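Inspection log for the structure reproduced underneath, given as structure tokens.
Worth knowing before you read on, the calculation uses all heavy atoms, side chains too, and leaves out hydrogens, waters and symmetry mates. All values derive from a computational prediction rather than experimental measurement.
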Amino acid sequence: MTGGFWAIHAGLHREGPGTEADVAWVCAAAGVQRNAALCDAACGPGADIAALRAAAPDGTVTAFDRHLPFVGEAARRHRRDERVTVTQGTLVGPDEALPDPVDLGPFDLVWCAGAAYFVGVPAILGRWSAALRPVGAVAFSEPVTFGTPDRETRAFWQSDVHDEASLDAAIHAAGWGVVARSRVSDAGWEAYYGGIEERCDALARCAAPAIRQAVEAERREIAAWRRLRDRVGYALRVVRPL
């Protein structure tokens with residue numbers, strides 16, 4: 001990521017689409033109990049940790065991210081909660097020095113907001129089955145197209161992504177079953193983009209070319225999502241090994 005990108009994104013409340021209601025839905029669908037052990041994989045600055053704690057008030061949350069500034073921000077936000085542990089980690093090991101959910105678990109639920117696609121469903125599910133307690137679950141949000149991909153949706157994602165049917169097929173091919181399916185709400189996208197828009201407004205008069213270019217790129221992305229919101233978004237899935 002460029003310096004202009006981080007000038008906008010550093011210190012934002014969240015780094016991806018979602019709301020506390022989305023996390024509450026995931027936890028309810030997974031049958032999370034009050035004393036559950038939960039994992040927030042690729043937690044960013046920690047926007048979902050409070051919602052996970054609300055679902056398991058007598059349990060624990062282990063949150064990790066690869067990006068150290070996010071780790072520091074998440075740890076700062078939850079420094080007074082002894083039931084929250086924040087560390088640096090990676091989505092899938094063990095080829096790297098950082099721990100992944102298998103090293104940090106076992107867990108009743110591993111939640112991953114918007115980052116699983118960097119590694120891919122087969123690799124994530126193939127590894128994370130060993131991170132779960134009996135009847136544990138994995139939940140994640142995943143970029144998808146709603147309906148048949150076209151030039152505009154491919155340009156928005158800048159790559160080929162699943163549609164919802166092919167995502168479910170990939171989950172089943174990995175030997176997992178879908179417990180519940182939904183989508184991240186438009187409110188979740190606005191919660192994410194609203195913070196970016198405020199930062200872009202604050203930087204609008206900045207003359208640094210890299211920041212001006214980053215602001216323009218963010219505004220284009222936001223406008224594209226609002227135009228395409230019925231065709232692109234994040235699928236929500238709660239899954240368990242078969």
Do you know which two heavy atoms are closest between Ala41 and Val110, and how far apart they sit?
-> CB-CG1, 4.2 Å
Test side chain to side chain contact (heavy atoms under 4.5 Å, CB included), reference Asp40, set Val86, Leu52, Val23, output is Leu52
Carboxylate-amine/guanidinium contact Glu164 Arg181, below 4.0 Å | no
Salt-bridge contact Arg229-Glu190 (side-chain N to carboxylate O under 4.0 Å) | yes
Salt-bridged, Glu197 to Arg226, with N to O below 4.0 Å?
-> yes
Give a yes or no on whether a salt bridge exists between Asp201 and Arg219, defined as a side-chain N under 4.0 angstrom from a carboxylate O.
-> yes
Do the non-hydrogen side-chain atoms of Leu167 and Arg237 ever get within less than 4.5 Å of each other?
-> yes
With clusters built from Ile, Leu, Val, Met, Phe, Trp and Tyr whose side-chain heavy atoms come within less than 4.5 Å, directly or transitively, what are the remaining members of the cluster of Tyr117, listed by chain and number?
-> Phe118
Does any non-hydrogen side-chain atom of Trp157 lie less than 4.5 Å from one of Val232?
-> yes
What are the two closest heavy atoms between Leu91 and Phe64, and how far apart are they?
-> N-CE1, 4.1 Å
Are any non-hydrogen side-chain atoms of Leu38 and Val32 less than 4.5 angstrom apart?
-> yes
Would you mind reporting whether Arg127 and Asp100 have side-chain heavy atoms less than 4.5 Å apart?
-> yes
In terms of ring plane angle, is the pair Trp225 and Tyr193 parallel, tilted or perpendicular, where the classes change at 30° and 60°?
-> tilted
Where does the angle between the aromatic ring planes of His9 and Trp6 fall among parallel (under 30°), tilted (30 to 60°) and perpendicular (over 60°)?
-> perpendicular
So, are Arg212 and Glu216 salt-bridged, with charged N and O less than 4.0 Å apart?
-> no
Side-chain ion pair, Glu152 and Arg227, N-O less than 4.0 Å | yes
Side chains of Pro99 and Thr90: closer than 4.5 Å at any heavy-atom pair?
-> no
May I ask you to test the Ile8-Ile196 pair for a side-chain heavy-atom distance under 4.5 Å?
-> yes
Mind listing the closest non-hydrogen atom pair of Cys112 and Trp128 along with its distance?
-> CB-CH2, 3.9 Å
